[in-house]
Asks: 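Mind looking over this structure? Questions follow.
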Amino acid sequence: MAKKGDWVRIHSIVLKAEERTAKLPEDTKKCDLEQWTKGFLLADAEIGDEVEVETVVGRIEKGTLIDDFPYYDHSYGKFVPELIEVDKVLRKEMAEIGGER
Amino acid sequence: MALAKDYASVMGRSNDIQKDALGLDYAEFETSPIAFDYDKLMTSTGYTLEEVNRVQSQFGVGNTPLLEARNITKLARKYAKPGYGARIFIKDEAANPSGSFKDRRAACAVYHAKKLGYKGVMAATSGNYGAAVASQAAIQGLKCIIVQECYDSHGVGQPEIVEKARKCEALGAEVVQLTVGPELFYSFLSILEDTGYFNASLYSPFGIAGVDTLGYEIVMQCREKLGKDPDMVVCTTAGGGMTTGTARGVRMAGCDAEIVGASIDLSGLSMASDIDFNKKSCTTGHTGFGVPYATDPDHSDVPRSAARPLRYMDRYVTITQGEIMEMTEMLAQLEGIERGPAGQTSLAAAFSLAQDLPEDAILVVSETEYTGAGKHVQPQLWFAKENGIEVKLGDPKDEVPGKSVVLPSSPALFQYKEADIDHFRQSLIKKAVKKAGVKPSDSDLEFLAVETKTDVEFVKKTLEENGLL
Ligand SMILES: Cc1ncc(COP(=O)(O)O)c(C=O)c1O
């Protein structure tokens, strides 16, 4: 359970697919327009509940509670062997031109 | 009575919301259904070069180092004709507080918002500008909301954009994230209306005037360091603000260097497509923004964009994703400077442009950007692979956007592609006249000539050929 005052992430559907009237490619037309933001939970709730949060600027926003104490997990990715190959080429070039190294 | 907040109602109030959120009435600059007074727009808010410089200095922005890329120059010369290969210099814009030249725009926009008494600022951006506005809002003491297009319909985010969200939050902003689609503007307007914040648009006159100092500094630093002016300045081009402002500053310094716009070639990928969204390996500096904004500047979030790159650009070139990824690696490995990939668009183009110029020529690349988790060659290429894009060494000419990223197997294979700038000029002229739906007057023809850095003959010929005159 998430407690009142917890830092949480909420999700909402801004426009359902059938409500989207803008000029869109066919694939996008089939998708809802979804939105996420974060804030302090205004009352105790369970994941999946409709809740209200107060964002860092003091705005009140409604949405479905999807995450308690959200964090970032983007990274430097996994090994890309092609980059090691490129570095090899560049180091060889460097040796040839007698770069200031 | 509470205002209706549904899509149609909010979009219907768009003009009023925008006017309230900018403190600027664009009607006073309109001179005909086609033309408007660009110079008046740019001077109306009082941001002269001196004033912009004063504001930026106060908030830690600008006066970034101009670095010579000695080893990259040497390598370019290896592949150039004897006697060719200009000296390459790089303006290290990553040295700005939030890590890109966008701080120059944000400093002025936030300063202006504060001067007009707004309590907070908002910007619709998935790029470095979000971090810049968040940073300047923190420095200048305003609240900040950034709205970004970040995810596809499976909730998979572009690593570069997720990193920007993290950075905005780290700088104290609220970040609202959306899936793909232009209706982001609805969410943006709706929050703007509720909060009464300032629209720190990328395309306001003070935002663009903020970039003027970049071009001016480049010329002054060249004169100081080298005793002469640059011969060519290469600018990464997306919405066109970098190119517009830099060129304006170069001209203000009395320098007639050739201005080259450079974009990453993403032709064939749709910018509003949910499927194509994560098939890109870079999220700015590409033709998906560069071409539509250059040829129709006024489809942004302000009635008249102050970014009008075709007024200033002498040439427009493209470069591939593979070339910018490898150039980012080259800058780190050969010059000891690790920076983000999108900022290397202009450097990747410059590497081959320099080979067309004699050895004593000076070529300046207008920027670098910060790097970090997500916003780096490694995660961006890994993400490409995860999305079924083939990553390989080879000839970048064989790259197909959305299908492959080809890292040059030899530096000899770096080769910019000259875009047909006259075609873009014609496209701007046609769109401007069609949109207005009137027959252009003589002064409209002159306006369109200035808009496209051409002459009245060129404009007339374009219109006649298309039955618009
Ligand atoms: C690092 C960097 N370089 C260049 C650009 C292009 O600038 P503009 O959109 O003004 O053309 C951007 C913005 O999109 C950027 O973030």
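The chains referred to below are lettered A, B, ... by the order of the sequence lines, with proteins before strands, and numbering in each begins at 1.
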Asks: On a heavy-atom basis, which atom in B/T179 and which in A/E34 lie closest, and how many Å separate them?
Replies: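 What the structure gives for the nearest pair is OG1-N, 2.9 Å.
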Asks: For the atom pair CE (A/M94) and CG (B/N71), what is the distance rounded to the nearest 0.5 Å?
Replies: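 Here the rounded value is 3.5 Å.
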Asks: So B/E183 and A/V14, side chain to side chain contact (heavy atoms under 4.5 Å, CB included) or not? Walk me through it.
Replies: CA-CA 9 Å; B/E183 307 101 317; A/V14 180; over 6 Å; no
Asks: Determine, step by step, whether B/Q177 and A/Q35 satisfy the side chain to side chain contact (heavy atoms under 4.5 Å, CB included) criterion, reporting the C-alpha distance in whole Å, the side-chain angles of both residues, the deciding distance to 0.1 Å, and the verdict.
Replies: CA-CA 6 Å; B/Q177 298 176 305; A/Q35 179 173 302; over 6 Å; no
Asks: I'd like to know which of A/K92, A/K29, A/H11, A/R9 tops the heavy-atom pair count under 4.5 Å against chain B.
Replies: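 Greatest number of close heavy-atom pairs with chain B: A/R9.
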Asks: If I measure from the heavy atoms of chain A, does B/S153 come under 4.5 Å with its side chain, its backbone, both, or neither?
Replies: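 Both backbone and side chain of B/S153 come within 4.5 Å of chain A.
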Asks: Heavy atoms, side chains only, cut-off 4.5 Å: are A/L83 and B/E329 in contact?
Replies: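 A side-chain contact exists here, since the closest heavy-atom pair is under 4.5 Å.
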Asks: Among B/E163, B/M330, B/R77, which residue has the highest count of heavy-atom pairs closer than 4.5 Å to chain A?
Replies: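 When all of B/E163, B/M330, B/R77 are compared, B/E163 has the most.
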Asks: Looking at every non-hydrogen atom in both residues, tell me the closest pair between B/A373 and A/H74 and how far apart they are.
Replies: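 Shortest heavy-atom separation between B/A373 and A/H74 comes out as O-CD2, 3.3 Å.
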Asks: Looking only at heavy atoms, what is the nearest atom pair of A/V89 and B/S409, with distance?
Replies: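 Nearest pair, atom of A/V89 first, then B/S409: CG1-O, 3.7 Å.
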Asks: Do A/F79 and B/W382 have their ring centres less than 6.0 Å from each other?
Replies: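 That pair fails the under 6.0 Å test.
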Asks: Please check: side-chain N/O of A/E82 versus main-chain N/O of B/L407, any donor-acceptor pairing under 3.5 Å?
Replies: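 No, the answer is negative, given that no donor and acceptor are paired below the 3.5 Å cut-off.
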Asks: With chain A, which of B/P408, B/S410, B/G336, B/G372 has the greatest number of heavy-atom pairs at distances under 4.5 Å?
Replies: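 If we count pairs closer than 4.5 Å to chain A, B/G372 comes out on top.
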Asks: Highest number of heavy-atom pairs under 4.5 Å with chain B: which of A/P25, A/S12, A/A22?
Replies: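 Result: the option with the highest number of such pairs is A/P25.
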Asks: Which bit of B/A173 comes within less than 4.5 Å of chain A, counting heavy atoms only: side chain, backbone, both or neither?
Replies: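 Just the backbone, heavy atoms under 4.5 Å.
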Asks: Name the option with the most non-hydrogen atom pairs under 4.5 Å to chain A; the candidates are B/M325, B/K119, B/K143, B/M11.
Replies: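 The residue among B/M325, B/K119, B/K143, B/M11 with the greatest pair count is B/K143.
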Asks: Which bit of B/K392 comes within less than 4.5 Å of chain A, counting heavy atoms only: side chain, backbone, both or neither?
Replies: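 Only the backbone of B/K392 comes within 4.5 Å of chain A.
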Asks: Look at B/P182, B/G181, B/P411, B/S270 and state which one has the largest set of heavy-atom pairs under 4.5 Å with chain A.
Replies: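 Ranked by contacts with chain A, first place is B/P411.
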Asks: Please classify the contact between B/F185 and chain A as side chain, backbone, both or neither, with a heavy-atom cut-off of under 4.5 Å.
Replies: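 For B/F185, no heavy atom lies under 4.5 Å from chain A.
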Asks: Between chain A and each of B/F277, B/Y7, B/F383, count heavy-atom pairs under 4.5 Å; write down the option with the most.
Replies: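 If we count pairs closer than 4.5 Å to chain A, B/Y7 comes out on top.
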Asks: What are the two closest non-hydrogen atoms of A/L33 and B/V180, and how far apart are they?
Replies: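 Closest approach of A/L33 to B/V180: CD1-O, 4.0 Å.
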Asks: Check step by step if side chain to side chain contact (heavy atoms under 4.5 Å, CB included) holds for A/V57 and B/T195.
Replies: CA-CA 10 Å; A/V57 302; B/T195 55; 5.5 Å; no
Asks: Would you mind telling me which of A/K30, A/R20, A/E85, A/E19 has the largest number of heavy-atom pairs within less than 4.5 Å of chain B?
Replies: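 Top count of heavy-atom pairs under 4.5 Å with chain B: A/R20.
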Asks: Considering only NZ, NE, NH1 and NH2 on the basic side and carboxylate oxygens on the acidic side, decide whether A/K38 and B/E169 come within less than 4.0 Å.
Replies: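 A salt bridge is present here (some side-chain N lies under 4.0 Å from a carboxylate O).
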Asks: Any donor-acceptor pair under 3.5 Å linking the side chain of A/T28 with the backbone of B/D274?
Replies: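 At least one qualifying donor-acceptor pair exists.
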Asks: Out of A/T37, A/D87, A/D32, which one racks up the most heavy-atom pairs below 4.5 Å with chain B?
Replies: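 Among A/T37, A/D87, A/D32, the one with the most close pairs to chain B is A/D87.
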Asks: Decide if atom NZ of A/K88 counts as having more than 12 heavy atoms of other residues, nucleotides or ligands within a radius under 6.0 Å.
Replies: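 Incorrect, the count does not exceed 12.
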Asks: If you count heavy-atom pairs within less than 4.5 Å of chain B, which of A/L24, A/L15, A/D27, A/V56 leads?
Replies: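 Ranked by heavy-atom pairs under 4.5 Å with chain B, first place is A/D27.
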Asks: If I measure from the heavy atoms of chain A, does B/V175 come under 4.5 Å with its side chain, its backbone, both, or neither?
Replies: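 The backbone, not the side chain.
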Asks: Ignoring hydrogens and angles, state whether a donor on the side chain of B/Q380 or A/Y76 is under 3.5 Å from an acceptor on the partner side chain.
Replies: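 Result is no, nothing qualifies.
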Asks: Would you indicate whether A/K78, at its atom NZ, is surrounded by more than 12 heavy atoms from other residues, nucleotides or ligands within a distance under 6.0 Å?
Replies: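 For A/K78, atom NZ is not crowded (no more than 12 foreign heavy atoms under 6.0 Å).
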Asks: What residue, out of B/D276, B/L393, B/L178, has the most heavy-atom pairs lying under 4.5 Å from chain A?
Replies: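 Heavy-atom pair counts peak at B/L178.
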Asks: Are any non-hydrogen side-chain atoms of B/V176 and A/W36 less than 4.5 angstrom apart?
Replies: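 No, every pair of side-chain atoms sits at 4.5 Å or beyond.
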Asks: Pick one of side chain, backbone, both or neither for B/C150, based on which atoms fall under 4.5 Å of a heavy atom in chain A.
Replies: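 Neither part.
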Asks: B/K74 side chain to A/G98 main-chain N or O, any donor-acceptor pair under 3.5 Å?
Replies: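 Side chain of B/K74 to backbone of A/G98, a donor-acceptor pair under 3.5 Å: yes, one is there.
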Asks: With a 4.5 angstrom heavy-atom cut-off, could you sort out which part of B/Y197 is near chain A: side chain, backbone, both or neither?
Replies: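 Contact with chain A is through the side chain of B/Y197 alone.
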